[in-house]
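Atoms within each ligand, like the ligands themselves, are counted from 1 in listed order.
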Amino acid sequence: MILQISKQLKTYSAMRAALCTGTLVWGGLINAAAQSKANTTPVPQLGKNSIKEVIAAMTLQEKALMVIGGGRTGTGIVLGDGSMIGRTESRLPGAAGGTNAIPRLGIPAMVLPDGPAGLRIDVKRKDDNKLYYATAFPSATTLASTWDTALVKRVGAAFGNEVLAYGADIILAPGVNIHRNPLGGRNFEYYSEDPVVAGNIAAAIINGLQSNGIGASIKHFIANNQEANRAGINELITERSLREIYLKTFEIAIKKSQPWTVMSSYNLVNGTHTSERADLLTTVLRNEWGFKGYVMTDWGGKAKNLIAQMNAGNDVIMPGNADQVKRIISAVEHDSLDVKVLDRNVEHILNIIIKSPSFKHYNYSAAPDLKTHALISHQAGAEGMVLLENHNNALPLRSDQKNIALLGNTSYATIAGGTGSGDVNKAHVISLAGGLANAGFIPEAKQATIYNKYVSDWRNRSRELNITNEQLNTLAAKCDVALLTIGRNSGETKDRDLDSNYHLKPAELSLIDRTAAAFHQQGKKLVIVLNICGPIDTKGWRTKADAILLAWQPGQEAGDAMTDVLTGKVNPSGKLATTFTESYTDVSSARDFPGTPAVNPGQVAYTEGIYVGYRYYDTFNIKPAYEFGYGLSYTTFKISPVKLSATVVKNKLTAQVTVTNTGKVAGKEVVQAYVAAPAKSIAKPAQELKDFAKTRLLQPGESQVITFNIPVASLASFHNDKSAWITDAGQYQLRIGSSSRQITQASFFNIPAKVITERVHSVLHPPQPVTVYKTQ
Ligand code: BGC
């Protein structure tokens with residue numbers, strides 16, 4: 001082996017010398033190498049020979065080409081003389097990047113488009129007049145609100161089918177970063193404030209995606225929880241918070257679904273870029289969790305010590321350039337990069353390429369079944385909606401409430417999903433106005449005409465149309481009910497603005513006020529629909545509405561899905577996977593977001609530690625507006641007393657409850673199992689979610705038995721000083737309910753002796769102590 005490498009280096013050095021003297025162009029290297037090998041032995045081929053043999057046959061330049069990826073216009077590296085190596089035209093315009101091809105070794109290029117709400121590709125192509133649309137599925141936050149892993153897996157399967165059908169190999173999704181702060185610009189692309197919900201929903205979508213024989217890329221590893229200075233922000237986070245919150249999501253998802261790839265994040269954690277951290281990418285990800293795929297960088301991240309990235313196990317730089325190819329070659333030649341490290345990384349990549357549709361010459365149709373996928377998007381959109389308020393049965397709309405005063409810009413320009421790389425080029429978005437009309441409801445025509453004209457100019461969309469009191473009184477006299485939509489969007493590169501995005505604007509507050517007054521005066525109701533990317537302030541206005549439906553950003557079928565829930569065709573069963581606090585300042589990270597200085601921050605300390613979301617509100621007695629796990633239904637459910645497998649638990653607790661629909665219409669319930677642990681050796685949150693399940697559609701009077709599995713290891717807390725997960729001995733309370741604050745059944749169990757459930761490596765230390773909240 002050593003002999004082979006040195007032989008190969010000699011050949012390479014000779015070629016490089018030729019290159020320098022102008023006798024060879026870079027593009028000729030592969031051919032020259034190919035010829036020299038072809039004269040002697042047959043060239044090993046990927047798939048026919050072992051991966052080790054293929055790597056042994058590679059020139060150094062070919063190895064470098066493997067670890068430096070291609071960009072949007074196709075793969076390949078443009079050399080100084082304008083020639084190109086490793087080149088494959090992008091067969092999928094709009095795809096974010098790919099890996100380079102080495103045809104002589106039978107290595108094809110792979111194509112990597114964006115997600116995570118659907119496949120992001122260009123609609124138009126140069127060479128034909130066809131339109132290439134993809135399905136816009138509900139945003140990740142909406143999907144998490146379904147709490148339905150089986151449904152999310154179906155979404156993944158449909159989404160992955162489009163990836164395969166359009167000729168791609170790996171989808172750059174899902175994004176699973178934690179909702180640390182509601183202003184995070186990309187939260188809509190992420191699932192939850194809780195790692196158990198986020199990890200399990202992520203595993204479901206990855207399993208669905210990968211069931212098509214394509215790969216997923218779980219991102220952004222780790223702690224890309226803000227957009228402010230996303231590539232330069234240094235995040236100081238304790239090992240405990242990393243292990244219990246931020247890494248936990250990835251750990252659950254990766255162990256349950258083995259995504260083909262992981263995308264490292266732009267930011268620094270504890271002083272070092274994540275893509276340069278061997279402790280993160282090799283020790284934790286591979287050695288502790290058993291990850292088997294390859295790691296790629298996020299796109300064009302600046303900073304970066306290329307050699308440190310290679311050593312860390314960040315296998316591919318996306319997208320790379322010719323200079324990086326040269327730097328890798330030179331580093332090996334000058335002994336600053338061990339060729340064994342390069343070989344290891346190349347092996348990680350080839351292990352995935354060999355599974356890819358491109359390697360298998362998959363004959364793609366470029367014509368997925370968009371109609372069927374639209375139905376899945378529609379269903380998932382409706383199931384992710386959360387009914388926040390419903391006074392005196394304001395919802396569902398009755399069949400005699402057909403005439404609707406439909407207000408708010410986003411009733412007409414409904415938002416399917418967020419902006420940036422997570423945006424999907426879909427064929428249509430059904431507006432709420434369209435959805436209501438499809439179901440035989442009649443948005444008042446005069447007002448609808450005015451709105452449609454107003455929102456057709458996109459510049460108007462962020463300013464609510466002004467409606468006079470007189471107009472509102474006329475509408476109240478004429479219509480049966482008012483539906484008013486509040487819309488919010490956000491996206492990559494920018495966090496949400498506290499004043500104009502999190503809070504309602506004066507014009508919106510005034511419209512709510514005046515509409516409520518006009519309709520209530522006539523004994524008619526006001527229903528507010530929230531078509532939003534993340535939590536907003538509700539304090540100033542929520543008491544004015546008779547009902548509030550949180551529709552999130554439910555994908556391209558938005559209006560139909562909203563109408564299903566508003567009319568009761570679908571009984572709402574979504575629950576919040578992220579808290580709505582009473583005010584922004586209640587958020588535990590509010591004082592440390594986005595860091596210091598406030599504009600273009602360089603550093604942010606996660607002083608809230610593990611107290612993220614409900615872990616903070618429940619422990620420190622802060623009453624949220626709408627708590628984690630909350631959501632109403634048009635029916636009612638009863639949860640029976642809990643049956644435990646044992647009251648003294650050694651390895652695993654099993655708990656059973658029976659859920660009965662005690663109301664008048666069919667519905668689904670999300671049952672949540674929280675545990676309050678004894679804080680003996682270390683401070684702990686008041687309670688933490690350990691398992692959850694969603695019932696099937698239960699008819700009135702019907703019941704379903706739900707079983708929760710809670711391994712003792714899942715009750716452990718992480719001890720920084722011992723680098724170990726420890727489950728304390730003592731009395732625990734299992735708390736089962738329909739939200740984090742509606743616990744209807746509880747039962748105690750005991751762990752007889754302290755258990756060290758896992759010892760891990762001592763890694764990811766902050767360069768200086770991070771002072772965090774403590775309860776004791
Ligand atoms: C984003 C990634 C995305 C990549 C490729 C980056 O800016 O952070 O999420 O996959 O671009 O478009």
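Summarising the contacts of atom 2 (C) of ligand 1 with D298, N224, T493, T297, the nearest heavy atom is found in D298.
Counting non-hydrogen atoms of other residues, nucleotides and ligands closer than 6.0 Å to NZ of K124 gives a total of 12 or fewer.
Taking 4.5 Å as the limit, every side-chain heavy atom of N267 sits out of range of all side-chain heavy atoms of Q226. In this structure the side chain of R186 never reaches within 4.5 angstrom of the side chain of N177, judged on heavy atoms. Contact annotation: the side chain of N187 never approaches that of S490 to less than 4.5 Å [non-hydrogen atoms, C-beta and beyond].
Here the options are I352, I349, L281, the test is side-chain contact (heavy atoms from CB on, under 4.5 Å), and the partner is D315; only I349 passes. Residue I317 is tested with I328, V325, V67, T297 for a side-chain contact (heavy atoms from CB on, under 4.5 Å); the sole match is T297.
Close approach of ligand 1 to L172 (heavy-atom distance below 4.0 Å) involves ligand atoms 10 (O). Using a 4.0 Å cut-off to heavy atoms of M263, the atoms of ligand 1 that qualify are 10 (O). Within ligand 1, counting atoms from 1 as listed, the ones closer than 4.0 Å to a heavy atom of K219 are 2 (C), 3 (C), 9 (O), 10 (O). Close approach of ligand 1 to A96 (heavy-atom distance below 4.0 Å) involves ligand atoms 5 (C), 12 (O). Taking every non-hydrogen atom of H220 and a distance limit under 4.0 Å, the qualifying atoms of ligand 1 come out as 2 (C), 8 (O), 9 (O).
Neither the backbone nor the side chain of M318 has any atom closer than 4.0 Å to an atom of ligand 1 (non-hydrogen atoms only). At a 4.0 Å heavy-atom cut-off, ligand 1 does not touch E189 at all. For R186, every heavy-atom contact with ligand 1 shorter than 4.0 Å involves the side chain, none the backbone.
Ligand 1 lies out of reach of M296, whose nearest heavy atom is not under 4.0 Å from it.
Ring centers of W552 and F137: at least 6.0 Å apart, outside the cut-off.
In terms of protein heavy-atom proximity, atom 5 (C) of ligand 1 is closest to D114 OD2, 3.1 Å. Among all protein heavy atoms, the one lying closest to atom 1 (C) of ligand 1 is E492 OE2, 3.1 Å.
Y502 is linked by a ring-ring contact (aromatic ring centres under 6.0 Å, His included) to Y584, counting only residues two or more places apart in sequence or in another chain.
Ring geometry for Y190 versus H179: interplanar angle of 30 to 60°, hence tilted.
Among the atoms of R230, some N or O lies under 3.5 angstrom from an N or O of ligand 1.
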